[in-house]
Number of protein chains: 2
Amino acid sequence: MYKENNLSKNQQIIFDLINKSSEPLKAYTILFNVQKKGIKAPPQVYRALDKLVKTGKIHKIESKNAFVACRSSSCEISKATAFSICESCEMVDEISDAKLTKYLSSFSDKKGTKYKRFNLEFFGLCKKCK
Amino acid sequence: MYKENNLSKNQQIIFDLINKSSEPLKAYTILFNVQKKGIKAPPQVYRALDKLVKTGKIHKIESKNAFVACRSSSCEISKATAFSICESCEMVDEISDAKLTKYLSSFSDKKGTKYKRFNLEFFGLCKKCK
DNA sequence: TAAAATTTGTTATAATATAACATTATGTAA
DNA sequence: TTACATAATGTTATATTATAACAAATTTTA
Ligand SMILES: [Zn+2]
Ligand SMILES: [Zn+2]
Ligand SMILES: [Zn+2]
Ligand SMILES: [Zn+2]
C-alpha cells in the first residue's frame, strides 16, 4: 500500500487536502477536516506535516502558521522558498523566479557567509484586492 | 513621562530587555523577565510587542516566534527585513545590505505586481558553529 | 477642562504545538 | 522465513503561543 508512492496513509490524506486547497491551511483546520478519515489527534497531523515539509511536498507560511502545497520546481526540496501574501484576502502564491532564486541562493553577507536555505515572504495586495 | 521618548513605560521596559539581549527573546521569556517590574500578564507583553513591531523598534523572527531589536537603518519601519539565522546555536543577525534591500524592494513578479513589504530569513551555520 | 486616544491591569480562554508511551506496519537482509 | 531496524500510527496529556473582553488610568489634543 505504501509502495506506489512515498507517502504513508496519513501523509497522503493530509497532502491531498492541502494540495486541493486554494488557500493556506492551518493545522487545526486540517485536523477538523480529516477527522472523518480517522485522523483524530493533533500529533497525527503535526507528524504528517513535519514529514511533508521535510520532503518538500508542502511549505509552511511562517507568518501565518499555515501550510501550502509546493507549486514550484525551483525550490528544490525547500532550500529556496518565496511567497507573495495578500494582506487583505490572505491569498498566498509561491513565487517561481529563477533569477530571484539564483540571486538569493548565491547571496553572501558582508562577512562572506553563504547560507544553505532561505525563506522569503512578500506582502502586499493581490490583483483582486487592489 | 511619555514625552522624553516615544515609548510608554511597559514598552520601554520590554524594549530595553530585547535591546540588550544578544539573542531573540520569546514572549513568555520576556514576561518572566519583567514580572519583577510589574508586568504580570501576557496581554501586557503582547501589546507592547505589537507596538514595538509596528514602530519598527523590534522585529519578529517568524520562524522562531521570537523578537529582536532593530539593528539596521535600511529596514525603514520594517518594510524590508532580512535576517541570518544559525540552525545550530539559534543566533540571529539582522542583515543590512543596501543592494539586497534595493533588489527585493523593487522586485516585481511575473504579473508585474510589486509588493510593499518583505521579510527574508536565511538559514545556515554562523561562524562559531562552522 | 472636556473629549479623544492610548496605555494599563486583569481574568479567562483560544489557538498552536509537543512530550511521552504503547502499538502496528514496513523495509532490509541474513 | 525470520529477525531486526526503521517508520508510522494511535492516544492521552500537557506545553507554548496568542487573543478576547472589560474596567480603569494616563496622556494628548483641542
Ligand atoms: Zn516549493
Ligand atoms: Zn487579496
Ligand atoms: Zn530593522
Ligand atoms: Zn551558530
Side-chain angles (χ1 to χ4, degrees), chain A residues 1-18 21 23-68 85 90 92 119 121, chain B residues 1-18 21 23-68 85 90 92 119 121:
Chain A
M1 176 178 202
Y2 296 167
K3 274 182 195 161
E4 296 112 46
N5 58 52
N6 49 4
L7 297 184
S8 73
K9 178 167 136 282
N10 287 1
Q11 289 158 20
Q12 188 70 58
I13 289 168
I14 287 173
F15 175 73
D16 288 345
L17 184 71
I18 296 170
S21 171
E23 43 173 39
L25 295 180
K26 290 172 164 262
Y28 277 74
T29 303
I30 292 167
L31 176 58
F32 288 129
N33 279 282
V34 297
Q35 279 183 329
K36 49 186 171 294
K37 303 217 167 165
I39 297 175
K40 290 176 190 155
Q44 297 175 288
V45 172
Y46 281 101
R47 284 191 294 228
L49 289 173
D50 285 350
K51 188 67 190 295
L52 291 166
V53 166
K54 232 174 235 152
T55 58
K57 306 279 286 182
I58 66 172
H59 303 302
K60 183 174 186 180
I61 307 301
E62 295 287 357
S63 61
K64 301 173 82 67
N65 299 315
F67 299 85
V68 295
I85 301 170
E90 316 268 282
V92 171
N119 180 54
E121 298 184 1
Chain B
M1 175 176 204
Y2 295 165
K3 274 181 196 162
E4 296 113 44
N5 57 53
N6 49 5
L7 297 184
S8 73
K9 179 168 137 282
N10 288 1
Q11 288 159 19
Q12 189 69 58
I13 289 168
I14 286 172
F15 175 73
D16 288 345
L17 183 71
I18 296 170
S21 170
E23 43 174 39
L25 295 180
K26 290 174 164 260
Y28 276 74
T29 304
I30 292 166
L31 175 57
F32 183 76
N33 278 284
V34 297
Q35 279 183 329
K36 50 185 171 295
K37 304 216 168 167
I39 297 176
K40 292 175 189 155
Q44 296 175 290
V45 172
Y46 281 101
R47 284 190 293 228
L49 290 173
D50 284 351
K51 188 67 189 294
L52 292 166
V53 166
K54 232 175 233 152
T55 57
K57 308 279 287 181
I58 66 172
H59 303 301
K60 183 174 188 182
I61 308 299
E62 295 287 357
S63 60
K64 302 172 80 65
N65 298 315
F67 300 85
V68 296
I85 301 171
E90 315 267 284
V92 170
N119 180 55
E121 299 185 0

Just verifying a value: how many Å separate [X] [atom1] and [Y] [atom2], rounded to the nearest 0.5 Å?
X     : Y     : atom1 : atom2 : value
B/I39 : B/N10 : CD1   : CG    : 4.0 Å
A/I30 : A/I18 : CD1   : CD1   : 4.0 Å
A/N65 : A/L25 : CG    : CG    : 13.0 Å
B/K36 : B/I13 : NZ    : CD1   : 10.5 Å

> Given A/I14 and A/I58, is the side-chain contact (heavy atoms from CB on, under 4.5 Å) satisfied, shown in steps?
Replying inline: CA-CA 10 Å; A/I14 287 173; A/I58 66 172; 6.0 Å; no
> How about B/L17 and B/V34: do any of their side-chain heavy atoms sit closer than 4.5 Å?
Replying inline: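 Of all side-chain heavy-atom pairs linking B/V34 with B/L17, at least one is under 4.5 Å.
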Value in whole Å for how far the [atom2] atom of [N] lies from [atom1] of [X]:
X     : N      : atom1 : atom2 : value
B/Q35 : C/dT10 : CD    : C1'   : 14 Å
B/N6  : C/dT6  : CG    : P     : 14 Å
B/Q12 : C/dT8  : CD    : P     : 11 Å
B/L31 : D/dT19 : CG    : P     : 15 Å
A/Q11 : D/dT6  : CD    : C1'   : 13 Å
A/I14 : D/dG10 : CD1   : C1'   : 13 Å

> Does any N or O in the side chain of B/E121 come within less than 3.5 Å of the main-chain N or O of B/E62, such that one atom is a donor and the other an acceptor?
Replying inline: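 Yes.
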>> Keeping A/K57 on the side-chain end and A/K51 on the backbone end, is there a donor-acceptor pair under 3.5 Å?
In response: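 The answer is no, because no donor-acceptor pair under 3.5 Å joins these two groups.
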>> What verdict does the side-chain contact (heavy atoms from CB on, under 4.5 Å) test give for A/N119 and B/S63, after you've listed the backbone C-alpha separation in whole Å, the side-chain angles of each residue and the deciding distance to 0.1 Å?
In response: CA-CA 9 Å; A/N119 180 54; B/S63 60; over 6 Å; no
Does [N] have OP1 or OP2 under 4.0 Å away from a side-chain N or O of [X]?
X     : N      : answer
B/K40 : C/dT10 : yes
A/K9  : D/dA7  : no
A/S8  : D/dA7  : no
B/Q44 : C/dT8  : no
A/N10 : D/dG10 : yes

Sub-3.5 Å pairs of nitrogen or oxygen atoms, protein against nucleotides 13-16 of chain C:
| unit_1 | atom_1 | unit_2 | atom_2 | d |
| --- | --- | --- | --- | --- |
| C/dT16 | OP1 | A/K26 | NZ | 2.5 |

>> Counting only heavy atoms and a strict 4.0 angstrom limit, can you tell me which residues of residues 47-59 of chain B come near DNA chain D?
In response: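 Heavy-atom cutoff 4.0 Å gives B/R47.
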